[in-house]
Amino acid sequence: MLDTLVERNPDILGGTPVFAGTRVPVRTLMDHLEAGDRLDEFLADFPTVSQSQAIAVLQRAISMIESSSDEVAA
């Protein structure tokens, strides 16, 4: 599922993970959220990223964190 959401291509920003079909680094979303910006503000700044893409990436990140936490607790 993640590879349909995120691309890594050495020809696009030197292989930085970007939202699929864009040149917008996934890290940029995280930076905006860390700075206190709302998701709609990020989407307004980066219209090539769809709301569904951004939400799916965030949900995937949450799942990865929860899985990692489960492994530590075991």
Discussion item. Tell me whether Leu5 shares a hydrophobic cluster with Ile12, the cluster being built from Ile, Leu, Val, Met, Phe, Trp, Tyr side chains joined at under 4.5 Å.
Written reply: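 No; tracing contacts between hydrophobic side chains, which count when under 4.5 Å, never links both residues.
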
Practice prompt. Spell out, as yes or no, whether a donor-acceptor pair under 3.5 Å connects the side chain of Gln53 to the backbone of Ala20.
Written response: yes

Discussion item. Please check: side-chain N/O of Arg8 versus main-chain N/O of Thr16, any donor-acceptor pairing under 3.5 Å?
Written reply: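 No.
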
Worksheet item: Residues two or more places apart in sequence or in another chain: which of them pass side-chain contact (heavy atoms from CB on, under 4.5 Å) with Asp31?
Response: Arg27

Fill in: Residues forming a side-chain contact (heavy atoms from CB on, under 4.5 Å) with Ile55, sequence neighbours excluded
Leu39, Gln51, Gln59

Discussion item. Checking Asp40 now: which residues fulfil salt bridge (Lys or Arg N to Asp or Glu O under 4.0 Å) with it, not counting sequence neighbours?
Written reply: Arg38

Worksheet entry | Within-4.5 Å side-chain heavy-atom neighbours: Arg60 and Val6 | no

Worksheet item: Side-chain contact, heavy-atom cut-off 4.5 Å: Leu58 with Leu29?
Response: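 In contact.
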
Enter the distance from [X]:[atom1] to [Y]:[atom2] here, rounded to the nearest 0.5 Å.
X: Thr48; Y: Leu43; atom1: OG1; atom2: CG; result: 10.0 Å
X: Ser67; Y: Ile62; atom1: OG; atom2: CD1; result: 12.0 Å
X: Thr28; Y: Asp45; atom1: OG1; atom2: CG; result: 10.5 Å

Item to complete: Evaluate side-chain contact (heavy atoms from CB on, under 4.5 Å) for Val26 paired with Val18, printing each intermediate quantity in order.
Response: CA-CA 5 Å; Val26 172; Val18 297; 5.7 Å; no

Worksheet item: In terms of ring plane angle, is the pair Phe19 and Phe42 parallel, tilted or perpendicular, where the classes change at 30° and 60°?
Response: tilted

Worksheet item: For Met30 and Ala61, which heavy atoms make the closest approach, and how far apart are they?
Response: CE-CB, 4.5 Å

